[in-house]
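One structure is given below, encoded as C-alpha cells.
None of the values given here were measured: they were computed from a predicted structure. Every heavy atom of this structure was used, including side-chain atoms; hydrogens, water molecules and symmetry mates were not.
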Amino acid sequence: MTTISPLCRQTSTMRLFIALLLLAATAFAFNGKVESGSGAIAQSGQPLRGFNCQYNRVNSYFAQNYASLPAATFDGSASCGRCVSVKCTDDSCSGLPAVTALVVDQCYSCSTSSGLKLSSPAFKTIAGVSSGSISASWEFVSCGSLIQGNPVLTSSDPTNIWWQSLTFSNSRKPLAAVSLNGLPMNLQPWGPWVWSAQGLPLNITSAGQNALILQATDGETLAYTLSNLAEQELDGQFSLNAVSSPSPSPSPSPVPTPTTSTSPSPSPSPSPSPSPSPSPSPVASPSPVSSPSPRSSPGTSPSPAASPSPVASPSPVASPSPATSPSPATSPRSSPGTSPSPVASPSPATSPSPATSPSPRTSPATSPSPTTSSSPPSGDKANYAKVLENSFYFYDAQRSGRLPADNPVPWRGNSHLNDPVVGGYYDAGDYLKLNFPLGTSLAFLGWGLLEFPAGYDAAGLTARAKASLKWGTDYLVACHVAEDQYIGQIGDPGIDHAFWGRAEEQTGARPAFTWTSAMPASDLASSAASALAAASLVFASDNATYSASLLSHAQRLFDFGARNEGLYSSSYTAVTYVYSSTTYLDDLAFAAGWLYRATKNPSYLTAAQTYLQRAQYSRNYYVNWDGVFPAADMLLKSLGVANSAGVDLDTQLATFRATWQQGQNGVTITPKGLSIPPFGGWGNLRHALNAAFVTAIHAKYNAGTRAADLAYAKRQLDYALGSSGRSFVVGYGTTPPTRAHHRGASCPNLPAACGWDQFNSAAANPQVLYGGLVGGPASSDTDYSDVRSNYQGNEVAIDYNAGFTGTLAGLIQLL
C-alpha cells in the first residue's frame, strides 16, 4: 500500500513549462528494477523541485496527469516517460477509477521506493479531492495508447561534434540504447542521452547523412538518416506491440544494430475483418500528431488542378480493451477522425470525469419509427422522403447530453452530463464533440431548410429538421462562453479512441479546448457563425427572440475570427489533428455571406467579396468541412450578387460544376457514376453528396443548367441508395451496411456488456443506425468492405449526412 499525495504547482516558471506540455507523450529507458509499489508511506506534500526528465513535448492529457518517483524507482532518470497506473485502496476512494500518469521527475521528498506523488488533477481522479494523502497501489504500465505520432528529437547543440545532449520525446517504448553515427550515447541522471568528449568526433554535418539508431527495451530498433540534429519529428515510430518486462541494459549502452526498417508500420489488427489501407491526408502540412484524421481527407489543395499530397495514415492496430486483453483499436478520429488505436492498459477511460448512469432506453410511443426498405430506390419523391426521415433518426442517435422525452432511438440514453458544455452531437463513430465540422454541417442543414422548404413540407419533416438544427445551434451558443472565448472541441482523440462501448457508460477525461483572442480561429469561429446566421433565418418566424440571439452570436463569432486571422488547428495540435484545417478565407467568406443574407448590411457583402478575391489564386472546387469556396460562391449568387473584381462567381461555379460532373481538377468518375475526389478514398460519398447539394441549389437558381444539375445530384444520391447494386445507407435498400464503424450501434441491449469484443465481432451491429451514410467506395465501384474496422469507408459522421440530407430535400422539391 502506498500513501500518495498530490504534487503542487510550483512557480510561474513551472506553470510556463506546463503550458508547453501540449504536444505528445514521452517514454524513455528503464533498467527494470521496481515495477510496482505497496506500503503505507506518508507524503510530505512538497511541490516538484524541477523536471529532471526535461521534456519539451507532452500532450494535453499528460500535461494534467503526471507523477514523480523516489530515487530508487526513478532510477537515475531511466523511468522518465514511463507511465504508472495508480489506484486508491482506502475505503473512502477505493471505488474511484485508477489514473494513468506520466513520470516527469524525481520525488525528493518521497522516503521509500513504494511512494510517489501525483499532479493535482491526477490525484483528484483517484481520491476525489485535490489535496491530502491516501493509500494506494501502483504499477508501471505502457503509455502506448496515449502516444500519437513519431518520436521527437531535441538537441542542446545541433552542430557540436564533441558533445551532444539528445532528448527523445514521444517514443511509444522505453529506450534501452541510442547511438549517433556509430557511437553509443549514455543516459544521464538528469534525463537526456549524452555523448561527451571521448576522443572521437560524432562527425555531425548539417548537410550529411547522420545515422541515428534507437533501440527499445524489447529489442525493436528504429534507424533514421538525418540531415541535421535540429529539433524535428522523426520519420517512424515503434510498433504498438506490448513491451515485455525490460531487463537491465548494459552501461555504457552498446551500439544497437538495426533490426527493423526506418519507418515501421503498426502491427496488423487481429480483427477477423481486413483493415483499411492507409489514407492520404490533404495538402495541409502534417500536425505533430501523425495519426489519420478521420475526416482527414478534406480537399483544400492550393490550386484547382493540384491534388493533395498524401500523407499515409496508419491502419488500425492491435489495442487492449479497458480490461487487459488486446483488441484492435479504432481508427484515430477513429474514423476520418481517428488516431492510432488504443494499446496499453490501463485504458484512458480511467481518467478523470465522473461517469453518467445510462438512462432507460425505451422508445416513446409517440416517437417516429425509422423507415425500412428492402427494395432498391426507384428515385421517386416518396422514396427520398423515407430516407430523409431516416437521416434525422441518425442525427437523433448522435445526440449527446440529456435526451428529450421524445427520443426515438431506444438504445440511446443520457450521456456525458458532466461535459464542460453538455449537449451537442458526437462527431462520428466515437464520442468526440468537434465544432469545426459541426459548424459546417449545421450551416448545410439550415441552408437546406431555407432553400427547399417545400421538400421538407412534402415529407412532413420540417419540424423534425428544425429540432435537429436547434439541438446543434443551442450547443454552439453554449460554447460561446465569453466575448472572445469559444470552446471548439470536447474530448481528446487519444483518450476517446481507447474506449469502445456505449456513450452512456464512458468514463475518463473529457477536456474542453478553448480558443481566445490570442489564438487564431478564423475557420472555427466562422463555421459557427455561418451555422448560427443561417439558423437565425430558419427560426425568424418561429421565435424572434431566439433568432436574434443566434444572429448576435453569429456576428460576434465572425468578428472574433476576422480580427486574428489564422487556422484554428495551429493551436492544440495534439488534439485538433482529427480535423486539421488548411484554409480559412473560405470560412470567412461563407460566414460573411450568411451575415449579409441575415442582416442586409452591405459591409458583410464587401467582406465576403474581399475574402474571395484574396483567395482567387489559391482556392479549390471541393465542398466539405474544410472547403466551402463553392458554397460561398453559390450563396452569394443565390442572393443576386454580381461578379466583381477578382470574384467571378459565374466562372467559379461553372468550373465547380465541370469538376464534379465531368471529372476535372482531380475528380474521377467511376463506371457506375460516383464522383471521387483526390483524397485517398476517405469518405467519398460525403464529398460527392456535398457537391450534389450545392449543385441542387444551383439548379434552383439557373434554368439553363437545371436539367444537367438535377441529373447529376440525382445520380450521386441514387448511387448512395443502391443504384450501383448495393446501398450505402444503414437500414435502407439492397444489401445496406450492417457493420458500420460506430461504437453505440455495435453494442447489444443492456444489461449485456459492450467493449472491444464487439469491435472484433464479425456479426452485424445489434442496433440499426437508420439513415447513417457511410463513407462508401474508396477508389472504384467495388472498393468497399462492410467491416467494422473500415473506418475510412464504413464509418458514419454528422458531416457525411449534412449534404446528403439537403440533397434529399432538394430533389423532393425540384424533381
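Sorted by first and then second residue, the pairs that involve residues 748-815 and meet disulfide bond (SG atoms under 2.5 Å apart), not counting sequence neighbours, are C747-C754.
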What verdict does the side-chain contact (heavy atoms from CB on, under 4.5 Å) test give for V667 and I676, after you've listed the backbone C-alpha separation in whole Å, the side-chain angles of each residue and the deciding distance to 0.1 Å? CA-CA 5 Å; V667 172; I676 295 181; 5.8 Å; no

side-chain hydrogen bond (donor to acceptor under 3.5 Å, both in side chains) between S391 and T805, intermediate numbers included: CA-CA 7 Å; S391 185; T805 303; 2.7 Å; yes

Applying side-chain contact (heavy atoms from CB on, under 4.5 Å) to V575 and Q489, what does each step give before you reach the verdict? CA-CA 9 Å; V575 297; Q489 178 166 334; 3.7 Å; yes

Could you go through the side-chain hydrogen bond (donor to acceptor under 3.5 Å, both in side chains) check for D781 and S724 one step at a time? CA-CA 7 Å; D781 292 316; S724 69; 6.0 Å; no

Begin from the C-alpha positions of D709 and Q661 and carry the test side-chain hydrogen bond (donor to acceptor under 3.5 Å, both in side chains) through to its verdict. CA-CA 8 Å; D709 289 343; Q661 296 180 32; 3.1 Å; yes

Please test F656 against V694 for side-chain contact (heavy atoms from CB on, under 4.5 Å), starting from the C-alpha separation and ending with a verdict. CA-CA 10 Å; F656 160 72; V694 176; 3.7 Å; yes

Apply side-chain hydrogen bond (donor to acceptor under 3.5 Å, both in side chains) to N690 and Y622, showing your working. CA-CA 9 Å; N690 285 345; Y622 314 121; over 6 Å; no

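Looking at Q398, its side chain never comes within 3.5 Å of a backbone N or O of Y425 through a donor-acceptor pair. Put simply, the side chain of N801 gets close to the backbone of L773: a donor and an acceptor are under 3.5 Å apart. In terms of modelled atom types and a separation under 3.5 Å, the side chain of N702 and the main chain of T705 share no donor-acceptor contact. The closest donor-acceptor contact from the side chain of R743 to the backbone of R502 lies at 3.5 Å or more, if one exists at all. Side-chain N or O atoms of N407 include none that pairs as donor or acceptor with a backbone N or O of G413 at under 3.5 Å. The closest donor-acceptor contact from the side chain of T576 to the backbone of S580 lies at 3.5 Å or more, if one exists at all. Remark: side-chain polar atoms of R686 are not paired, donor with acceptor, to backbone N or O of G776 under 3.5 angstrom. With hydrogens and angles disregarded, a donor-acceptor distance shorter than 3.5 Å links the side chain of S761 to the backbone of A763. Remark: side-chain polar atoms of N684 are paired, donor with acceptor, to backbone N or O of A778 under 3.5 angstrom. Side-chain atoms of K700 come within 3.5 Å of backbone N or O of E451 as a donor-acceptor pair.
Using the six-membered ring where Trp is involved, W625 and F436 have ring planes that are perpendicular, over 60° apart on the 30 and 60° scheme. Note: H742 and W411 have perpendicular aromatic rings, judged against thresholds of 30 and 60 degrees for the angle between ring planes.
In this structure R726 satisfies the salt bridge (charged side-chain N to carboxylate O under 4.0 Å, His left out) test with no other residue, sequence neighbours excluded. Qualifying side-chain contact (heavy atoms from CB on, under 4.5 Å) partners for S400, counting only residues two or more places apart in sequence or in other chains: S415, H416, D419, Y426, K433. Annotation: ring pair (Phe, Tyr, Trp, His ring centres under 6.0 Å) contacts of F394 (sequence neighbours excluded): none. Applying the side-chain contact (heavy atoms from CB on, under 4.5 Å) criterion to A465, with sequence neighbours excluded, gives F392, L449, Y456. In terms of the side-chain contact (heavy atoms from CB on, under 4.5 Å) criterion, residue partners of T782 (sequence neighbours excluded) are, by chain and number, S780. Under the rule for a side chain to side chain donor-acceptor pair (under 3.5 Å), the partners of T473 that lie at least two apart in sequence or sit in another chain are Y546. Not a single side chain to side chain donor-acceptor pair (under 3.5 Å) links T735 to another residue, sequence neighbours left out. For N749, the side-chain contact (heavy atoms from CB on, under 4.5 Å) test picks out Q767, with sequence neighbours left out. Among residues two or more places apart in sequence or in another chain, the ring pair (Phe, Tyr, Trp, His ring centres under 6.0 Å) test is passed with Y712 by none. Taking the ring pair (Phe, Tyr, Trp, His ring centres under 6.0 Å) definition, one finds that F804 meets it with nothing, sequence neighbours left out. Qualifying salt bridge (charged side-chain N to carboxylate O under 4.0 Å, His left out) partners for D786, counting only residues two or more places apart in sequence or in other chains: R739.
For R402, the CZ atom counts as loosely surrounded, since its 6.0 Å shell holds 12 or fewer non-hydrogen atoms of other residues, nucleotides or ligands.
Between D718 and the choices Q716, R715, K714, the side chain to side chain donor-acceptor pair (under 3.5 Å) rule is met once, by K714.
Side-chain contact check for W471 versus L403: some heavy-atom pair is nearer than 4.5 Å. At a threshold of 4.5 Å between non-hydrogen side-chain atoms, the residues N624 and D799 do not count as touching. Counting heavy atoms from C-beta on, the side chains of N794 and V787 never come closer than 4.5 Å. L438 is not listed as a side-chain neighbour of D427, based on a closest heavy-atom distance of 4.5 Å or more. Counting heavy atoms from C-beta outward, P493 and Y577 have side chains that approach closer than 4.5 Å. Under the 4.5 Å side-chain criterion, counting only non-hydrogen atoms from C-beta, N665 is in contact with T655. With a 4.5 Å cut-off on side-chain heavy atoms, V730 and Y770 do not count as touching. You'll find the side chain of L710 reaches within 4.5 Å of the side chain of L811, heavy atoms only.
Between R399 and D396 there is a salt bridge, since at least one side-chain N of the basic residue sits less than 4.0 Å from a carboxylate O of the acidic one.
Y393 OH to S468 OG: the interatomic distance, rounded to the nearest 0.5 Å, is 13.0 Å.
The aromatic ring centroids of Y621 and W660 lie 6.0 Å or more from each other. Ring-centre distance between W500 and H741: below the 6.0 Å cut-off. If you look at H687 and F679, their ring centroids are closer than 6.0 Å. Taking the six-membered ring for Trp and the full ring otherwise, W682 and Y791 have centroids separated by under 6.0 Å.
Side chains of T440 and S527: no donor on one and acceptor on the other come within 3.5 Å. For the residue pair N765 and S746, no side-chain donor N or O sits within less than 3.5 Å of a side-chain acceptor on the partner.
Of all the heavy atoms in P410 and P408, the pair that sits closest is CD-O, 3.2 Å.
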